[in-house]
Amino acid sequence: MRAFPATEGRAGVLPGLIFHLWVVTSCVLVLLFIAAPLARTIASPTLEQMLATLRDADVLRSVGLSIWASALASVLALILGTPLAYVLARRTFRGKKIVESLIDLPIMIPHPVVGIALLTLAGRNNWFGRILTDMGVNIMGSITGITAVLFFVGLPFYINTVKNGFENVPVRLENVSRSLGAGPSATFFRITLPLCSRSMLVGMIMCMARALSEFGAVVIVAYHPMVAPVLMYERFTAYGLSYSQPVAVILILVSLLFFFLLRVLSKSEKEEA
Amino acid sequence: MIRVSGLSLRLGDFALQDVSLHVRPGEFFALMGPTGSGKTVVLESIAGLIQWQRGEIHIAGRDVTALPPERRRVSLVYQDHALFPHLTVLENVIFGQRYHGISPADGLREANELLDRLGLSRLCGRTPENLSGGEKQRVALARALACRPNVVLLDEPLSSLDPQFRDDLRSALKTLHMQMNLTVLMVTHDFVDALSLASRAAVIRGGRMEQVGQIDEIFRQPRSTFVAAFVGMKNVFRVTSPGLCELGNGVGFAVPDAAHGAMALRPEDVFVTRNPDLPGNWICLPAKIRSVRHEGFSWFTEAVCGHAVITAALDRQCLMAGGLEPGSPVWLGFTPERLHLVPDGSDETG
C-alpha cells in the first residue's frame with residue numbers, strides 16, 4: 001500500500017520537473033539564439049564607424065533602394081495578389097491544390113534558383129526576354145529586375161495571409177450585400193475589402209520584410225544597382241567583418257523600424273474594426 | 001408575388017427535388033421543416049445565391065430565374081443577423097438604397113422612420129458589436145426593408161433570440177407586415193413563430209415539399225404521417241381493417257369505413273382520467289401510465305394502450321388529482337372529430 005503512492009509520486013513529479021526544465025531551457029535558448037547575434041552585431045561598431053557609414057553615399061543609396069524596391073514589391077503584391085487570394089478563399093475548383101502549391105513554391109526553392117529562373121525567362125536568349133527588351137524593360141541589372149525578384153519571393157507571404165483574412169469574412173455578409181442590391185464588385189469593395197484590410201496590411205508587412213532581407217535571388221539578377229544586403233556582402237568579402245557590420249546594423253534597424261511602424265498601423269486598424 | 005416552379009438542384013449529397021411554391025402578394029408565408037430539409041437552400045435559391053439545375057422563379061410577375069441576386073429586389077435576413085461590422089447602425093440600414101434608385105435624402109428619411117418604428121433611433125451611431133441580439137435582428141430587419149424590396153426573405157429570424165426579445169420582435173414583425181403590406185417568406189422550425197405570424201405555410205422534408213396550405217390546415221390536417229409527426233401529432237394509428245383501428249390486446253376504436261391509411265391525434269386532444277364516465281360520443285380507451293414528463297411549463301404522459309403508446313397532454317386538474325405513477329391504470333378519451341385521417345400513399349417512408 002505504501003509503494004503505490006511513492007511510485008505515483010515519482011512518476012508524476014519527476015517527469016513534470018523535466019518537462020518544465022525542458023520548456024524553460026528551450027525558450028531561453030531559442031530567444032538567446034535569435035537575440036544574441038543581433039545584439040552583438042548592433043553593439044559591435046563604434047559610434048565613429050556608425051556615423052561614417054551613415055554619411056557614406058553608397059550605403060544610403062543601397063538602403064534607400066532596398067526600401068523602395070521592397071515597398072514596390074509589396075504594393076505589387078497588394079494590387080496583383082489580392083484578387084488571387086480572394087479567388088482561393090472563396091472558390092472551389094479543380095486544381096486548386098496545385099495552384100496553392102504553386103504559390104508556396106517560391107518559399108521552398110533555393111533563392112539563387114529564383115534569380116536564375118527569372119533570368120532564364122526574361123534573359124535576352126529567350127523570346128519573352130526579347131519582347132521585354134523591345135518594350136524597353138530590362139530585367140538584368142535593373143531596379144525593375146530587383147523589384148521582380150522581391151515580388152516573386154514576397155508574394156506567397158502576402159497571398160497566404162490575405163487568403164486567411166478573406167476566409168475569415170463570413171460569406172453571409174456578402175450574400176446579404178448582394179441581396180440588398182450591391183453587385184459583386186460593390187460587395188467586394190464595400191464589405192469584403194474593408195473587413196480584410198488588417199490582413200492585407202499584415203500581408204504587406206510580411207511581404208516587405210521578406211523582400212528587404214532577400215540576397216540570393218537579387219545577387220543573380222542585379223549585382224548593381226546594389227541593394228543593402230548585396231552591399232553588405234560585398235564589404236564583407238572585400239574588407240572583412242568589421243567593415244560590413246555597420247551596414248548590417250543599419251539593415252537591422254530599418255527592418256525593425258518598418259516592422260514596428262506597420263505593426264502599430266495594423267493594431268490601430270484592428271481597434272477601428 | 002413569389003412563384004417557384006419545379007426547382008431542382010444538387011449540393012453534394014443533398015438534393016432539392018421539384019420544389020414548387022406560391023407566395024401571394026402581401027402574404028406572410030412560413031416554410032417549415034426539420035434541420036437539413038432544405039429550407040435555407042430554397043430561400044437562397046429564391047435570392048439567387050445558389051445555382052440550381054432546373055426550375056423557374058418569378059418574383060412580382062418578373063422571371064428572375066437568370067438574374068443575379070442584386071437584380072431580384074429581394075432582401076434577405078439571416079438568423080445570425082449578418083450585420084456589416086464595420087458600419088454603424090444607420091450605415092447598415094441605408095447600405096442598399098443607392099442600388100434601388102432611392103435618393104440619399106429620401107433614403108435617410110425612410111431609414112430614420114424605420115429605425116424609429118423599430119425603436120432603434122437612439123442606436124443610429126453604434127456599431128453592431130455594441131448591440132444586443134434583439135437589437136441586431138431589428139437592425140437587420142430595418143436594413144432589409146429600407147431597400148423597398150418586393151419580397152422579404154427571413155431565415156429563422158427569431159431562433160437565436162432570448163424568449164423576451166423573441167416575443168418583442170415577433171410582435172414587431174407582425175405589425176410591420178400589416179402596416180407595410182409586406183410579402184414575407186420566412187423559414188422556421190418554430191411552431192409558435194409560424195402559427196403567430198404566417199397565414200399559409202409549407203412543410204419541406206429531404207428537399208421535397210410535403211404539404212402546402214393554410215397554417216391551420218397544416219397543423220390540424222397533415223397530409224402525411226411525417227407532417228403529422230412534425231407538427232406535433234405524436235399519436236398515429238394505422239387503420240388495421242375497414243372501420244377499425246386495432247391497438248392490440250383487444251383494444252381499438254371505430255373509424256369511418258372509408259378511412260384507409262392512418263389516424264393522427266394531437267396530444268392536446270387526448271383527455272386523461274381515472275374515471276371512464278366520459279360523454280357518450282367520446283372514444284374511451286383503457287391504458288397504463290408509462291411515464292410523465294414536462295416540457296417547459298407543459299406536462300405530458302405516455303400511456304400504453306394495447307400495443308400502442310399514446311402521448312397525452314396533462315392539465316393542471318389531472319396533475320393535482322394524482323394517480324399518474326408508472327403502471328397506474330387510466331382512461332384515455334377523445335372525440336372522433338379530433339382524429340385526422342392521413343391517407344395511404346401520402347408518405348413513402350411513413
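Predicted, not measured: the structure shown is a model, and the values here were computed from it. Chain letters run A, B, ... following the sequence lines, proteins first, then strands; residues in each count from 1.
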Got a sec: does the [atom1] of [X] have more than 12 other heavy atoms crowding it under 6.0 Å?
{"X": "B:Arg54", "atom1": "CZ", "value": "no"}
{"X": "A:Phe33", "atom1": "CZ", "value": "no"}
{"X": "A:Leu29", "atom1": "CG", "value": "yes"}
{"X": "A:Phe128", "atom1": "CZ", "value": "no"}
{"X": "B:Gln51", "atom1": "CD", "value": "no"}

Any heavy-atom pair between the side chains of [Y] and [X] that's under 4.5 Å?
{"X": "B:Phe95", "Y": "A:Ile191", "answer": "yes"}
{"X": "B:Gln97", "Y": "A:Leu180", "answer": "no"}
{"X": "B:Pro85", "Y": "A:Leu173", "answer": "yes"}
{"X": "A:Arg190", "Y": "B:Phe84", "answer": "no"}

Would you name the heavy atoms of A:Ala182 and B:Glu70 that are closest together and state the gap between them?
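Shortest heavy-atom separation between A:Ala182 and B:Glu70 comes out as O-CB, 3.6 Å.
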Where is the tightest heavy-atom contact between B:His100 and A:Gly181, given as atom of each residue plus distance?
NE2-CA, 3.8 Å
Which answer fits [X], side chain, backbone, both or neither, if we ask what part of it has an atom under 4.5 Å from a heavy atom of chain A?
{"X": "B:Leu49", "value": "side chain"}
{"X": "B:Ala140", "value": "neither"}
{"X": "B:Arg143", "value": "both"}
{"X": "B:Leu83", "value": "backbone"}
{"X": "B:Asp155", "value": "side chain"}

Can you tell which part of A:Thr187 gets under 4.5 Å to a heavy atom of chain B, answering side chain, backbone, both or neither?
neither
Verdict with reasoning, B:Tyr78 to A:Asn175, per side-chain contact (heavy atoms from CB on, under 4.5 Å)
CA-CA 10 Å; B:Tyr78 279 118; A:Asn175 285 352; 3.1 Å; yes
Just verifying a value: how many Å separate B:His81 NE2 and A:Arg172 CZ, rounded to the nearest 0.5 Å?
11.0 Å
Kindly say whether B:Ala47 contributes a backbone atom to a donor-acceptor pair with the side chain of A:Ser179 at under 3.5 angstrom?
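No.
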